[in-house]
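This report refers to the structure that appears directly beneath it.
Every chain is numbered from 1 and lettered A, B, ... according to where its sequence line falls, protein lines coming before strand lines.
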Amino acid sequence: MSEFSPRDIERKWQDFWEEEKTFRTDAASDKEPFYVLDMFPYPSGAGLHVGHVEGYTATDIMARFKKARGFEVLHPMGWDAFGLPAEQYALKTGTHPRETTEKNVETFKGQLKALGFAYDWDREINTTDPDYYRWTQWIFLKLYEQGLAYIAEVPVNWCPALGTVLANEEVIDGRSERGGHPVVRKPMRQWMLKITEYADRLLDDLEIIDWPEHLKEMQRNWIGRSRGAEVDFAVDRSSAGGVEANIRVFTTRPDTLFGATYMVLAPEHPLVDEVTSEEQRQAVDAYREKAALKSDLERTELQKQKSGVFTGAYAINPVNDEKVPIWVADYVLYGYGTGAIMAVPGHDDRDWEFAKTYDIDIVEVISGGDVEEEAHTGDGELVNSQFLNGLNVEDAKEKIISWLEEKGAGKEAISYKLRDWLFSRQRYWGEPFPIVHCEDGRIVALPEEQLPLTLPEVEEYAPSGTGESPLATIDEWVETTCPDTGEPARRETNTMPQWAGSCWYYLRFVDPHNEEAPIDKELEKEWLPVDLYVGGAEHAVLHLLYARFWHKVLFDVGVVSTKEPFQRVVNQGMILGTSYVYYEDADGEILGSEAEGRDDVTQKTVHVDKVRWEGDAPMHPEADVKLEPLVEKMSKSRGNVVNPDDVISEYGADSLRLYEMFMGPLEQTKPWDPRGVNGVHRFLSRIWRLVCDEEGLSEKVTDGEADEELLRELHRAIQKVTEDTEALRYNTAIAAMMEYVNFIYKRQEVPKVAITPLVQMLAPYAPHIAEELWVRLGHEPSVSEAQWPAYDEELIKEDTYELAVQVMGKLRGTIDLAQDADEDAAVAAARAVEDIEKHLEGKEIRRVIFVPGRILNFVVG
RNA sequence: GCCGGAGUGGCGGAACUGGUAGACGCGUCGGAUUCAAAAUCCGAUGACCUCGCGGUCGUGCGGGUUCGAUUCCCGCCUCCGGUACCA
């Protein structure tokens with residue numbers, strides 16, 4: 001075959017790798033281990049998209065590169081297959097989620113294989129496999145034994161019309177995504193995990209891992225640790241109907257205590273009932289009821305107007321014994337801090353706004369602003385604060401905290417935004433909890449030997465109607481006996497959330513068939529942490545935080561020896577598509593870009609495949625209207641999705657892989673350009689033609705030696721590609737290979753020794769063509785087993801180099817200069833150049849700046 | 001609002017620790033090949049002035065430091081991502 005035809009070679013080499021088990025990992029090997037991991041996908045019905053391909057290609061290149069560099073590489077793939085879509089499909093069609101999952105896995109796996117990824121498929125993991133979730137349940141038991149799993153009544157999104165609990169993403173504007181039925185907050189019995197107990201470690205250990213700073217920052221913000229003080233305010237008995245109570249507040253600004261002119265309790269705060277006066281009770285109850293109906297989102301999203309109700313009661317400010325009114329307001333969240341605040345309107349924006357609305361006193365305690373105009377939140381000198389007067393904020397905090405501690409009215413405290421993790425779902429398609437509830441109320445964990453507790457077959461996937469999972473309707477599964485006493489008991493009918501399976505899968509890949517433990521201890525020591533973990537930024541917080549949490553728990557119980565699971569994380573950037581936009585007015589008339597911005601029209605798109613091309617102008621298929629190209633996130637509804645299968649059938653997998661890496665830096669958001677694929681395909685064809693001919697090997701290819709210049713270019717290319725690949729700068733590594741190919745194209749003949757290393761360097765990027773060329777060049781398969789080419793710095797050096805010459809910082813010419821030339825030689829050479837000399841003529845040279853290898857600059861007077 | 005990131009040719013992007021801005025690719029133009037076209041190969045391609053040699057301007061905007069700034073500092077603008085009453 002004379003022309004490059006991916007169709008003819010790609011399948012062949014995919015089969016070769018599979019049969020030869022080229023990418024099998026020997027976990028017990030003596031070689032240095034390198035673990036490179038992708039965020040495994042949820043196998044959706046839609047199949048792989050170009051975003052998956054980007055991340056997976058990036059890790060695949062690293063895996064193949066490291067293998068060639070002599071590492072024992074672990075590069076596995078699996079399926080995060082529990083989850084909502086399969087269950088919803090089951091609801092609609094009655095198809096068992098297992099069937100849907102199997103089918104989708106089949107599709108995904110076929111697509112991944114067609115891309116030539118070097119996975120060790122013997123280590124494939126599926127989170128829905130009982131042999132896998134047995135250990136997910138086992139880890140849950142460890143959490144439970146450690147006291148880190150508990151049951152609580154927690155409000156969930158309850159949709160009475162659907163008779164089911166909805167996930168946050170299924171609720172839009174307080175209504176169900178499907179059907180638009182009202183959704184209310186309803187407390188239900190839930191499993192919680194005490195991730196808050198690990199907050200400090202999750203925060204501190206960010207220091208020891210090599211993650212992008214923005215990602216660490218997001219985790220820090222999510223944990224939201226803040227230092228402050230807890231202060232007790234006694235409730236004024238006479239105003240609260242004789243009730244004796246303390247209101248404890250958390251504040252980061254104890255220094256402003258003298259400026260506290262009211263207090264606020266969250267509507268859910270238990271003290272509200274106790275302190276509310278008879279006159280105010282009706283108003284308070286009404287307010288609390290209204291607040292309870294709002295979802296968290298509603299409570300926060302429309303932040304414009306603050307609302308609240310006075311309870312009728314007062315509290316005593318411990319620093320000056322002044323009476324301050326106690327209010328109820330939903331801008332205070334029950335879940336954060338103590339659920340109550342001291343309000344300092346002079347120095348807090350929210351309190352200021354509230355005080356203005358309800359005409360509450362504003363007292364300035366820190367000078368430097370005008371508290372009648374706005375809250376002054378910055379630093380300043382303390383005023384109106386007795387013994388704190390004259391101090392700055394920092395010192396006042398210290399002093400007031402010691403004062404409070406001395407008086408027993410408060411103490412230093414730390415608060416977190418992070419909440420405990422709501423760990424149960426009222427669904428069928430998830431891991432069952434290995435827990436039974438006995439009739440006497442005891443909660444008993446199943447013994448390890450009884451794992452896995454498998455999901456029963458069900459007739460109906462419809463929700464039970466009570467808010468419980470469909471499992472609750474299967475009596476023969478639910479009804480069991482207590483493992484301790486043998487008395488009748490009921491199984492837990494909640495299931496675990498999708499996060500559970502993905503919290504530890506990276507461990508299982510190391511030792512996927514172990515029946516004694518989730519992972520062998522020795523192997524864990526050898527392989528963890530993961531050296532490189534690549535995935536989408538959408539998991540920057542939750543998945544990565546949850547997995548870190550589990551890892552730390554497993555560390556504490558001795559299952560793993562490492563503090564952190566992922567040494568290095570990289571987020572691949574999003575790939576954007578081009579939408580073709582037009583506008584439509586109320587009468588359905590189709591309009592072009594001239595209608596942009598008008599508010600009587602709606603923006604619409606034409607699916608990429610339906611666009612009618614008039615030359616290079618995109619036109620509406622039915623109307624004579626020019627469409628406006630718009631680069632944005634790919635989505636089905638915008639008709640701008642690029643399907644990897646289509647690209648493969650037109651250009652082949654190698655071109656798709658190469659293009660996605662050539663587009664730009666891995667972490668950056670990049671627009672898809674269909675013509676770009678053609679460009680890299682052209683590059684691969686050029687290499688092909690360089691090597692191959694109708695007869696087999698091209699006439700240009702010789703058995704001779706490489707000359708000095710060729711060697712220099714070759715070794716320069718090897719150096720650049722090696723360094724850039726190591727640093728994930730794939731785009732510039734590819735550019736270096738292109739430059740080298742352009743260079744050898746200009747030659748009549750090229751010796752094999754100058755092409756072979758190129759093919760080896762190409763192999764991680766475009767493995768199929770590289771394998772084929774490798775064999776054509778007379779080597780035994782496979783290039784995937786070959787050692788990465790080395791470069792020799794000596795060969796790269798030249799006798800002379802080109803030096804830029806500036807006069808007054810402006811480039812005036814270049815000179816060829818010997819490597820070891822000194823300043824005098826450089827100046828002489830520069831002055832010999834007419835174009836440079838004419839800028840120096842008749843001027844006094846005041847200074848010469850000579851940086852060997854970099855610059856020669858004349859400063860003239 | 002706050003936090004994070006980014007603004008470089010017609011387009012995607014390159015430029016190591018301040019040292020020839022625009023590598024590589026796309027597109028465009030020209031040439032070769034062809035009966036012709038596609039494909040391929042070779043060359044040109046930031047803008048402006050100039051017949052040409054050459055020159056001036058140019059990395060979002062305005063300042064600054066420096067012999068020299070895409071790179072460092074100060075002040076803005078725009079876009080993208082995250083987050084949002086967290087006391």
Salt-bridge contact A/Glu213-A/Arg220 (side-chain N to carboxylate O under 4.0 Å): yes
Selected nucleotide, minimal atom distance to A/Phe250 side chain, candidates B/rA14, B/rC3, B/rA87: B/rA87
N/O (side chain, A/Ser226) to phosphate O (OP1/OP2, B/rA87) under 4.0 Å: yes
With A/His681 via ring-ring contact (aromatic ring centres under 6.0 Å, His included) - residues at least two apart: A/Phe4, A/Tyr651
Short side-chain N/O contact from A/Arg686 to OP1 or OP2 of B/rG25, under 4.0 Å: no
Side-chain N,O (A/Asn857) to OP1/OP2 (B/rG19) below 4.0 Å: no
N or O in side chain of A/Arg812 less than 4.0 angstrom from B/rC67 OP1/OP2: no
Charged N-O contact under 4.0 Å between A/Glu713 and A/Arg716: yes
Any A/Arg675 side-chain N or O less than 4.0 Å from OP1/OP2 of B/rG27: no
Side-chain-base donor-acceptor pair under 3.5 Å for A/Lys746 and B/rC42: no
Any donor-acceptor N/O pair under 3.5 Å between B/rU17 base and A/Arg854 side chain: yes
In B/rG18, glycosidic geometry as syn within 90° of 0 or anti otherwise: anti
Tabulate below the donor-acceptor pairs under 3.5 Å that side-chain atoms of residues 660-680 of chain A make, not counting sequence neighbours, or state none.
unit_1: A/Glu660; atom_1: OE1; unit_2: A/Glu54; atom_2: N; d: 3.0
unit_1: A/Lys670; atom_1: NZ; unit_2: A/Glu54; atom_2: OE2; d: 2.6
unit_1: A/Lys670; atom_1: NZ; unit_2: A/Pro665; atom_2: O; d: 2.8
unit_1: A/Lys670; atom_1: NZ; unit_2: A/Leu666; atom_2: O; d: 3.1
unit_1: A/Lys670; atom_1: NZ; unit_2: A/Gln668; atom_2: O; d: 2.8
unit_1: A/Asp673; atom_1: OD1; unit_2: A/Arg675; atom_2: N; d: 3.0

